[in-house]
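So the structure is just underneath, and the comments pick up after that.
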Amino acid sequence: MYHVDRYLQSEDAKRGLQRWERHPLTVHDNPLFLEIAKRILRIDHPAPRDLRTTIKSLNQLTRDVKDDSFYGYKAEVDKGEDGWLPDSARGEYEAT
């Protein structure tokens, strides 16, 4: 088997590293390259609990932002040309 440093100098490794910038590793990659990848790549991802906590927090934030005034503005916007909002209210609605 190739030594990692030697393999990283090869054209295959260079092409693989360039491809990783935009595409994930797949089961169709060269098995030797996959073995090297295990040694040099580190994957960082949140734990499922952290994801659930973040989603719950963002959902609550969304509920807090969409207050009575938001829904009043939305009702006017939904009327199309028949609705009217001052520019400041429209800006607040669009920002929300």
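These numbers were taken from a predicted model, which means no experiment stands behind them. FYI, the numbering just counts along the sequence from 1.
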Nearest 0.5 Å, please: how far is [atom2] in [Y] from [atom1] in [X]?
| X | Y | atom1 | atom2 | result |
| --- | --- | --- | --- | --- |
| Arg63 | Leu58 | CZ | CG | 10.5 Å |
| Leu61 | Thr54 | CG | OG1 | 12.0 Å |
| Asp64 | Asn59 | CG | CG | 11.0 Å |

Donor-acceptor contact present, side-chain Ser57 to main-chain Thr53, <3.5 Å: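 No, the answer is negative, given that no donor and acceptor are paired below the 3.5 Å cut-off.
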Glu76 (side chain) donor-acceptor with Gly83 (main chain) under 3.5 angstrom: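 Side chain of Glu76 to backbone of Gly83: no pair is present.
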Heavy-atom pair of closest approach, residues Glu92 and Ser69: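 Looks like OE2-OG, 4.2 Å.
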Within 6.0 angstrom of Asp87 CG, more than 12 heavy atoms from elsewhere: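 Incorrect, the count does not exceed 12.
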Asp68, CG atom: more than 12 neighbouring heavy atoms under 6.0 Å: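 For Asp68, atom CG is not crowded (no more than 12 foreign heavy atoms under 6.0 Å).
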Mutual orientation of the aromatic rings belonging to Tyr93 and Phe70 [parallel < 30°, tilted 30-60°, perpendicular > 60°]: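 Correct class here is parallel.
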Close side-chain approach of Tyr73 to Arg90, heavy-atom, < 4.5 Å: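 In short, these two side chains do not touch, never coming nearer than 4.5 Å.
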Contact check, side chains of Val77 and Glu94, non-hydrogen atoms, under 4.5 Å: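 Answer no - side chains too far apart.
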